[in-house]
Amino acid sequence: MDQKASDEKYLQTLVAILIVALCLIGSFHVCLKAVREKSDLKEVLKVGSDAGLSGSAIYYVPMIADAVNTEQAQRELVSRCENCPSVKEVYPRYSFSIFTGIQKYIPEEAKRYMLDGHIPVEDYRKMSEESWFLESDDASLALASVLCRQDGALRYPITLSDGTVLRSLLPNQILLGEDAKEKYKTGDKIWVVRMDEDHSYSFFSCEVAGFIPEEKPLLAVGAQGDPAELKSLLSSISDERKIENSLFDGEVSTYYGVVASMTDEYGHKSAWSYMSDMIILPEEGFDESDLKNDLQGILLAPERIVPYNSIEQDYKELIEKESDRLNTRIIIAISASAVILLGTSFYLIMKKKKSHENA
């Protein structure tokens with residue numbers, strides 16, 4: 001056999017090996033992705049289980065809020081609910097509100113618009129049309145409120161991206177989605193530009209207290225919209241980005257953040273984000289029908305109270321269907337890998353045999 005023929009055979013063998021390797025890598029990727037998806041589906045159930053949501057009820061609030069979005073009004077609403085005989089504990093959750101700003105300092109130009117320490121809405125609109133404002137490197141922030149106990153303790157702890165479990169959040173501390181790590185670090189001082197309780201815009205000085213995983217379900221914060229199903233109830237920052245993307249044709253907030261409360265240096269308190277739902281834990285011996293009766297006149301639409309167990313059961317049925325689909329994908333990926341390996345082995349054996357015969 002001359003050198004040219006030998007080189008051609010070597011090249012053909014090399015190309016075949018590369019093709020087989022790429023096919024195997026593709027099959028392995030499909031298999032791994034399906035396994036990860038199955039794990040993610042089950043993790044949603046685990047979040048609810050670890051939080052002790054079994055036996056609770058979820059109140060999906062209507063479009064009109066049950067209380068104005070101030071900390072005092074929300075605490076009063078919780079207190080009125082918890083005074084009912086059938087209610088043991090209430091935890092309102094708040095969705096991410098968009099069109100909030102985050103920046104490193106207050107521009108000198110902005111101070112010209114301040115009146116009593118904050119900027120009236122109309123003046124803020126004028127300011128936002130000025131060239132210096134449009135050319136600034138301020139980032140947009142979707143911000144969610146979280147109701148803490150008076151000492152700052154969180155009803156549902158938040159696990160940070162470094163694995164730390166955060167059990168309290170102090171006023172003017174902010175948690176950012178881990179995408180913000182590219183620009184900020186824990187301990188950084190930042191300014192959050194947001195509407196305050198007086199319906200003007202204030203600059204709130206905050207300290208970055210940590211970062212939240214973007215893909216993990218976040219029980220402490222609610223979801224946008226009105227979803228009566230578990231995957232949406234326990235949504236992640238990543239899920240919220242997808243919702244925002246669909247609502248605003250590709251326009252999404254640069255970062256996501258969570259705060260308990262914020263007060264600026266002039267004493268103005270930040271307005272809260274909108275309540276997305278309410279987790280209600282009943283007293284022993286009471287069920288959702290008792291809750292609906294007791295909360296008449298306190299909540300706008302108590303008929304929208306849904307037992308968590310029924311939401312969980314619906315999700316388990318969804319998991320069964322999804323698992324069947326993912327199992328099929330895994331079997332196909334493994335079978336394809338096996339066929340490729342067997343086919344390659346057969347090809348190499350036949351090629352070697354033919355070589356011996358020709359020799």
Side-chain angles (χ1 to χ4, degrees), residues 36-37 39-53 71 91-98 100-104 139-192 194 204-224 230-244 252-263 270 272-273 276-277 279:
R36 190 182 297 118
E37 284 183 36
S39 176
D40 289 343
L41 286 169
K42 291 177 181 177
E43 184 180 3
V44 174
L45 277 178
K46 186 176 183 301
V47 171
S49 174
D50 291 348
L53 294 184
E71 184 177 354
Y91 181 77
R93 303 194 313 154
Y94 303 86
S95 60
F96 287 99
S97 292
I98 58 178
T100 304
I102 178 174
Q103 55 197 55
K104 282 282 191 180
S140 58
L141 175 72
L143 194 66
S145 304
V146 57
L147 188 66
C148 297
R149 297 191 176 100
Q150 294 291 354
D151 61 357
L154 292 166
R155 172 62 180 82
Y156 295 108
I158 298 174
T159 301
L160 304 183
S161 56
D162 64 1
T164 303
V165 178
L166 196 74
R167 301 188 182 280
S168 65
L169 193 60
L170 299 177
N172 288 64
Q173 283 188 326
I174 186 170
L175 301 174
L176 297 175
E178 59 188 349
D179 272 10
K181 280 185 175 181
E182 62 189 19
K183 188 172 181 180
Y184 304 102
K185 63 182 184 297
T186 301
D188 275 358
K189 301 292 183 182
I190 60 169
W191 293 93
V192 174
R194 182 173 175 76
F204 301 95
S205 177
C206 292
E207 177 186 355
V208 179
F211 298 90
I212 306 169
E214 303 255 338
E215 303 290 337
K216 299 293 183 182
L218 189 61
L219 180 59
V221 175
Q224 296 182 50
L230 192 60
K231 185 65 172 69
S232 297
L233 175 70
L234 303 177
S235 66
S236 64
I237 288 177
S238 178
D239 295 327
E240 292 299 298
R241 285 189 188 278
K242 292 173 187 174
I243 293 173
E244 192 176 341
V252 296
S253 300
T254 310
Y255 303 121
Y256 275 66
V258 175
V259 295
S261 63
M262 299 187 297
T263 305
S270 168
W272 280 46
S273 56
S276 64
D277 54 68
I279 298 172

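All of these numbers come straight from a predicted model, not from anything done at the bench.
- Of all heavy-atom pairs between Leu154 and Leu166, the closest is CD1-O, 3.5 Å.
- With a 4.5 Å cut-off on side-chain heavy atoms, Leu219 and Ile279 count as touching.
- The closest side-chain heavy-atom distance from Ile102 to Tyr184 is below 4.5 Å.
- Listed here is the closest heavy atom pair of Val221 and Tyr94: CG1-O, 3.0 Å.
- In this structure, Ser95 and Ala223 approach most closely via the heavy-atom pair CB-O, 3.5 Å.
- Here the closest non-hydrogen pair linking Met262 and Arg194 is CE-CD, 3.7 Å.
- Salt bridge status for Lys231 with Asp239: present, with a side-chain N to carboxylate O gap under 4.0 Å.
- With rounding to the nearest 0.5 Å, the separation of CH2 in Trp191 from SG in Cys206 is 9.0 Å.
- Contact check for Val192 versus Asn172: no side-chain heavy atoms found under the 4.5 Å cut-off.
- Rounding to the nearest 0.5 angstrom, the gap separating the CD1 atom in Ile158 from the CG atom in Leu175 is 5.5 Å.
- Considering all non-hydrogen atoms of both residues, Leu143 and Ser273 come closest at O-CB, 3.7 Å.
- For the pair Phe211/Asp179, no side-chain contact is recorded, criterion being any heavy-atom separation below 4.5 Å from C-beta on.
- Each of Glu240, Glu244, Glu178, Arg241 was evaluated against Tyr256; a single residue qualifies, Glu244, per the side-chain hydrogen bond (donor to acceptor under 3.5 Å, both in side chains) test.
- Minimum interatomic distance between Leu160 and Gly210 (heavy atoms only, all atoms of both residues): CD1-CA, 4.1 Å.
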Problem - Evaluation steps, side-chain contact (heavy atoms from CB on, under 4.5 Å), between Leu230 and Leu45 - result: CA-CA 8 Å; Leu230 192 60; Leu45 277 178; 3.9 Å; yes

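- Taking CD of Glu207 as the start and CD1 of Ile174 as the end, the distance is 11.0 Å to the nearest 0.5 Å.
- Taking OG of Ser161 as the reference point, atom CD of Glu215 lies at 12.5 Å (rounded to 0.5 Å).
- Evaluated for a side-chain contact (heavy atoms from CB on, under 4.5 Å) with Leu141, the options Thr254, Ile190, Leu176 yield exactly one hit, Leu176.
- Neither side chain, Ser276 nor Arg93, offers a donor N or O lying under 3.5 Å from an acceptor on the other.
- The line from CZ of Arg149 to OG of Ser168 is 11.5 Å long, rounded to the nearest 0.5 Å.
- Contact annotation: the side chain of Tyr156 never approaches that of Val47 to less than 4.5 Å [non-hydrogen atoms, C-beta and beyond].
- The CD atom of Gln173 sits 10.0 Å away from the OG atom of Ser261 when rounded to the nearest 0.5 Å.
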